[in-house]
Structure formats: structure tokens, C-alpha cells
Protein chains: 2
Amino acid sequence: MPANNQNNLNNGISVDCVIFGFDFEKLQILLIEREPGKKDNPLDYALPGDLIYNDENLDQAANRVLKELTGLENIYLEQSAAFGSLDRTQRESDRAWLESVRDQPDLRVITISYYSLVNINAFDPKPSSFASKLVWKPVAEIEDLAFDHFDILNQALDNLRNRLKIRPIGFNLLPEKFTLSQLHKLYEAILGRELDKRNFRRKMAKLDLVVRLDEKQQGVPHKPSNFYKFNTENYQKLIEEGYDNFGF
Amino acid sequence: MPANNQNNLNNGISVDCVIFGFDFEKLQILLIEREPGKKDNPLDYALPGDLIYNDENLDQAANRVLKELTGLENIYLEQSAAFGSLDRTQRESDRAWLESVRDQPDLRVITISYYSLVNINAFDPKPSSFASKLVWKPVAEIEDLAFDHFDILNQALDNLRNRLKIRPIGFNLLPEKFTLSQLHKLYEAILGRELDKRNFRRKMAKLDLVVRLDEKQQGVPHKPSNFYKFNTENYQKLIEEGYDNFGF
DNA sequence: AATCTTTGTGTCATTTTAACACTTTGCTAA
DNA sequence: TTAGCAAAGTGTTAAAATGACACAAAGATT
């Protein structure tokens with residue numbers, strides 16, 4: 001055994017997933033609603049996440065945990081950051097919860113966060129395991145989360161925004177067919193600021209990342225908008241050329 | 001104890017530091033030269049890094065390890081990524097080394113990497129502990145490293161380049177007084193491509209990030225160049241305004 | 001005095017960005 | 001049927017940023 005207890009290697013490693021979704025209005029995030037503790041605490045939300053196994057690597061763990069807790073599979077997942085503050089599991093409400101689900105609630109746990117972008121309408125979140133209840137929450141309305149998950153969320157959002165300047169990953173949040181207005185609103189939702197409609201469309205057109213389909217919206221009480229799809233080939237071409245100015 | 005051995009929590013966590021330095025010519029990186037093993041292996045280099053303690057957080061660990069192994073203290077350190085492949089410690093030459101320095105050489109270890117930028121002339125690397133010998137190596141000449149450290153290096157370089165578009169962190173690599181040519185070469189070294197001299201200077205001037213000093217180079221066999229220093233106040237101002245286009 | 005090396009500087013053409021308003025389409029309600 | 005409503009869709013102009021490009025000036029060396 002090690003000589004000093006500072007180095008007794010009794011560490012846990014977890015992954016936490018920040019799952020962004022878009023409902024054509026606001027940027028949302030998928031959270032686990034935890035049972036309120038003994039006290040009449042307000043409702044309490046946490047990111048989907050869990051300890052990793054010893055025989056899987058980090059990406060595998062993130063995919064597994066996500067599947068186990070939400071049913072999501074084969075989705076875009078990007079590593080975000082590592083969090084390892086000593087006090088990250090020391091809040092009272094969190095400790096009670098840990099005691100109910102962990103063999104070693106006192107274990108010091110370092111977490112690796114991932115973020116993901118999904119089409120909010122394309123899947124049916126299936127709570128399981130200790131994720132008793134899954135809910136989508138608008139990111140902008142979240143003020144706190146369990147553990148240090150609020151920090152993790154903000155970090156992920158920051159990474160997402162930076163990434164969006166370099167890669168057009170936002171398309172992951174949309175269904176296969178979408179309108180330019182939806183795409184426009186998506187960028188505004190992620191970036192948290194307004195973008196001029198004409199300038200947005202001009203740049204999108206120049207990038208040549210979308211293809212106009214011969215199909216329109218139906219049943220809307222106004223001029224129906226045209227559907228588009230993502231142009232994978234052109235995207236690949238741009239990336240191979242080293243192009244990386246996808247920002248607004 | 002846990003029910004299944006997949007989840008026995010027997011994990012180690014380490015930090016590895018990618019220390020970039022600049023000698024006014026090439027981008028360099030600080031490496032530990034390991035004793036060749038029993039075989040007549042070629043020389044072998046690794047990133048400074050070690051297991052973290054249970055009573056310190058990640059940033060503390062990175063700072064401590066860096067100080068212990070190199071003598072470097074109070075320097076810019078940015079978290080880069082987490083690496084946790086199952087086979088990252090399975091190379092033969094690495095295992096021999098682990099057996100000589102670790103209590104539990106078989107421990108599965110996940111590492112959090114940090115990168116740092118230092119002025120290569122401003123400190124005297126002091127090898128200690130098991131870092132028997134420290135050397136600077138030009139990044140461009142490195143073809144492989146111990147463990148998965150080559151991957152870690154490339155990831156850090158990628159992060160550094162992305163970061164440089166958003167924040168003028170390159171100044172950390174220079175002494176307090178520097179010439180515009182040195183700054184220019186630094187950007188070229190980090191980005192790995194040539195930049196037009198006049199365009200570079202024009203943009204630097206517009207950003208107003210450097211202040212001209214009333215002092216020139218001496219003893220150079222050509223027109224001496226003027227010294228400048230970094231303008232911290234203007235930098236703060238730009239950041240507060242939300243400006244983030246520092247790229248070239 | 002001539003030579004050498006690196007510093008330091010300006011212009012022009014092109015591209016990118018920002019600001020800005022009205023017509024069109026299809027549905028809805030009177 | 002028609003008037004009104006709501007969102008879609010579209011172009012111009014000015015300002016800023018970028019990219020390409022060449023030569024004179026300074027100081028050291030011979």
C-alpha cells in the first residue's frame with residue numbers, strides 16, 4: 001500500500017453529460033429530476049452522469065451512461081472539461097442523495113463532462129436506473145443544479161459557443177428537414193443574442209451548407225417557409241480545405 | 001464493496017503538463033528524459049506529470065506536480081483534456097518505467113492534461129524527484145513520446161491554437177520586453193505557418209496591445225529593433241468589451 | 001566607403017461585416 | 001370575398017478587415 005494517505009488512490013471517476021436540445025424556441029437541457037430529500041426542499045435537478053467502469057474508456061463511459069439514463073444512443077458527444085474540486089460533493093442535499101445510490105458515498109469523485117446536441121423531437125427520453133424522471137429545461141432559466149453541475153453546464157455552454165465559431169455543429173439540434181428561420185433561431189438561442197436575418201441568411205448561403213428542398217411548411221397561419229437539409233458533402237469539402245470561419 | 005469488479009473504483013488520476021516555451025526561433029516543449037530501459041532502447045521522453053493526491057483539486061495538483069518536477073511556479077496553466085484509454089499505459093517500455101516508480105503499476109490511470117506557456121529564458125528547470133533530466137525539444141521535431149503523451153501534446157497544441165484566436169495568450173511566452181519581430185515569429189511558431197509582416201504589424205497596432213518603449217536592441221549586426229511591452233490595461237478593456245478576435 | 005542583414009513602413013483591391021425596410025405568401029376572421 | 005395578419009424572403013450601401021505586395025533606413029562588419 002502507499003506510504004501516505006494523501007496518495008491512497010481511492011478516487012472515483014465519473015462522467016456527466018450536458019445534453020442540449022432545441023424545441024425551435026429555446027435552447028434546452030436534459031436533466032434528472034431528483035426526489036426531494038427528507039426536508040421539503042425545492043425540486044432538485046442534476047445532469048445525467050455516473051461513475052465509470054474500470055474496463056471502459058471515457059468516451060465509452062459517456063455513451064453508456066447516456067444510454068442507461070436516457071435511452072439516447074449514437075449521438076454527437078464532445079468532451080468538455082474535468083472537474084475535481086474537493087467540495088463538489090459536499091452539499092447537504094447532494095450527500096443525502098449519494099448515500100442512497102452509491103456504495104461509497106464519501107469517495108472523492110472527479111468528473112469528466114461531455115456535451116451533446118440532439119434533436120429534441122427525435123427521441124423519447126426513457127428514464128431508468130436512478131434517473132427516476134427526465135425533464136427538458138430551458139438553459140436560460142436554470143439558476144442552480146446539484147453538485148457543481150451548474151458550473152459544468154456553463155463550461156459546456158462556453159465550449160459549445162466557441163466550437164460553433166469553428167464548426168457548424170448546430171445542425172445536430174435540428175431534424176433532417178428544417179427551415180432557415182429555425183436555423184436562425186437556433187443560432188440565436190445558442191449564442192444568446194440576436195442576429196440580423198438577412199445577414200444570417202447571406203452567410204449561410206455563401207457557406208453553401210444547406211440545400212433547398214422542394215417542400216414547404218404546411219398549416220402555418222402565415223407564408224409557409226421552405227425546407228432545407230444539411231449539405232454534408234460541401235461541409236466535408238470545407239473542412240478538408242481547412243476552412244473554419246463558421247461564426248456569426 | 002461494490003458488487004461487480006467492473007466498478008471497483010480502483011482508479012488513479014494523474015495530471016500531465018504540456019509546457020510550451022519559445023526561444024525566439026521555434027516553439028519548444030519541456031520533457032522528461034527517461035533512462036533507457038534494460039534494452040538499448042532509444043532515448044525516451046515523457047511529459048511532466050504524476051498522480052494527484054486525494055486532498056487537492058485538479059488545478060492544485062497540476063501546479064504542485066509542475067513545481068516538484070521542474071521548479072516552475074505561479075505560471076499560466078490551462079486545462080486541456082482528459083485521456084483515459086484502457087491501453088494508454090500498456091506499452092512495454094512504459095510498463096517497465098511504471099514498475100520502477102509506482103506502488104501500483106497496474107493501476108488504471110486517467111490523466112487530465114494541462115498546457116502552459118512560459119518564457120524559456122526566465123527560468124532554470126530544476127529536475128527533481130524522478131524527473132532525472134529535463135530538456136526542451138522543438139515541438140515540430142517530436143515524433144513520439146511515452147504513453148499517449150504524443151496525443152496529449154497534439155491535443156494541447158490544438159487547444160492552444162484555438163485559444164490564440166480568442167485570447168492573446170502568446171505573450172506569456174515572451175520576456176517583458178520584446179521586439180515586434182519576436183512576437184511575429186512567436187505567432188508563426190505557434191500557428192505553424194507564415195504570416196505577412198506588414199499585415200501582422202497592422203493588426204497588432206490596431207489591437208493596441210503593445211506599448212513602444214524608448215529602447216532599442218543593442219549589438220545586433222543590422223538595424224536594431226525597438227522594444228515593446230504588453231499593454232495589460234488595454235487588454236483588460238478589450239476583454240471586458242467582449243472583444244475576442246485576436247486571430248491571424 | 002561599400003556591403004550586409006533585418007527593421008519598418010503604405011497602398012490598393014477584395015472580402016467581410018453591419019445596418020437597414022418592404023413585398024410576398026398563405027391563412028384567418030370578418 | 002375580402003381585409004388583415006404574421007412570418008418569409010429579398011438587396012444595397014457604407015465601413016471594416018483582410019490579403020498581396022516592395023523598397024528605403026539603420027546600424028554593424030569588412
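Note: hydrogens, waters and symmetry copies are ignored here, and every other heavy atom, side chains too, is used. The sequence lines fix the lettering, A, B, ..., with proteins before strands; numbering per chain opens at 1.
Atom-to-atom, NE2 of His184(B) to P of dT6(C) comes out at 14 Å; the value is rounded to the nearest Å. Between the CZ atom of Phe227(B) and the C1' atom of dT6(C) there is a distance of 14 Å, rounded to whole Å. Distance, Glu215(A) CD to dA8(D) C1': 16 Å, rounded to whole Å. With rounding to whole Å, Leu183(B) atom CG is found 15 Å from dG8(C) atom C1'. When the C1' atom of dG9(D) is taken as reference, atom CD of Gln182(A) falls 15 Å away, rounded to whole Å. Residue Asn199(A) contributes atom CG, which lies 9 Å from atom C1' of dC20(C) at whole-angstrom precision. Atom C1' of nucleotide dT17(C) and atom CG of Leu195(A) are separated by 13 Å, given to the nearest angstrom. Atom P of nucleotide dG9(D) and atom CZ of Phe200(A) are separated by 12 Å, given to the nearest angstrom.
At dT7(C), one or more side-chain N or O atoms of Ser181(B) fall inside 4.0 Å of OP1 or OP2 (strictly under the cut-off).
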Side-chain polar contacts of residues 23-31 of chain A - donor-acceptor pairs under 3.5 angstrom, sequence neighbours left out - could you list them?
unit_1	atom_1	unit_2	atom_2	d
Asp23(A)	OD1	Glu25(A)	N	2.8
Asp23(A)	OD1	Lys26(A)	N	2.8
Asp23(A)	OD2	Gln28(A)	NE2	2.8
Lys26(A)	NZ	Glu141(A)	OE2	3.1

- prompt: How does protein reach along nucleotides 21-30 of chain C, written 5' to 3' as B (base within reach of a heavy atom under 4.0 Å), S (only sugar-phosphate), or - (no contact)?
  reply: B--BBBSS--

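Asp244(B) contributes atom CG, which lies 3.5 Å from atom NZ of Lys165(A) (distance to the nearest 0.5 angstrom).
Residue Glu194(A) places its CD atom among 12 or fewer non-hydrogen atoms of other residues, nucleotides or ligands, all under 6.0 Å distant.
When only modelled atom types and interatomic distance are considered, Ser80(A) and Asn159(A) share a side-chain donor-acceptor pair under 3.5 Å. Side-chain atoms of Tyr235(B) and Glu233(B) include no donor-acceptor pair closer than 3.5 Å. Under the 3.5 Å distance criterion, with hydrogens and angles disregarded, a donor-acceptor pair is assigned to the side chains of Asp16(A) and Thr111(A).
Along DNA chain D, the nucleotide closest to Gln217(A) and the one closest to Asp196(A) are compared, and the more 5′ of them pairs with Gln217(A).
The distance between the ring centers of Phe200(B) and Tyr187(B) falls below 6.0 angstrom. Checked against a 6.0 Å centroid threshold, the rings of Phe150(B) and Phe147(B) do not count as neighbours.
A donor-acceptor pair under 3.5 Å is absent between the side-chain atoms of Asn234(B) and the main chain of Leu209(B), judged by distance alone. When atom types are taken as modelled, the side chain of Lys203(B) and the backbone of Gly247(B) share a donor-acceptor pair closer than 3.5 angstrom. Side chain of Glu33(A) to main chain of Val135(A): no donor-acceptor pair is present (N/O by atom type, distance under 3.5 Å, no hydrogens or angles).
With hydrogens and angles left out, the side chain of Asn226(A) and the base of dA8(D) share no donor-acceptor pair within 3.5 Å.
End-to-end axis angle of the helix from dA1(C)-dT30(D) to dA30(C)-dT1(D), using five pairs per end and rounding to 10°, comes to 0°.
Glu73(A) is linked by a salt bridge (Lys or Arg N to Asp or Glu O under 4.0 Å) to Lys67(A), counting only residues two or more places apart in sequence or in another chain.
Within a heavy-atom distance below 4.0 Å of DNA chain D, the residues of residues 239-248 of chain B found are Asn245(B). Taking every heavy atom of residues 201-210 of chain B and every atom of DNA chain D, pairs under 4.0 Å involve Arg202(B), Lys203(B), Lys206(B), by number.
With salt bridges taken as basic N to acidic carboxylate O contacts below 4.0 Å, none links Glu188(A) and Arg193(A). For the pair Lys237(A) and Glu241(A), the salt-bridge criterion is not met [side-chain N within less than 4.0 Å of a carboxylate O].
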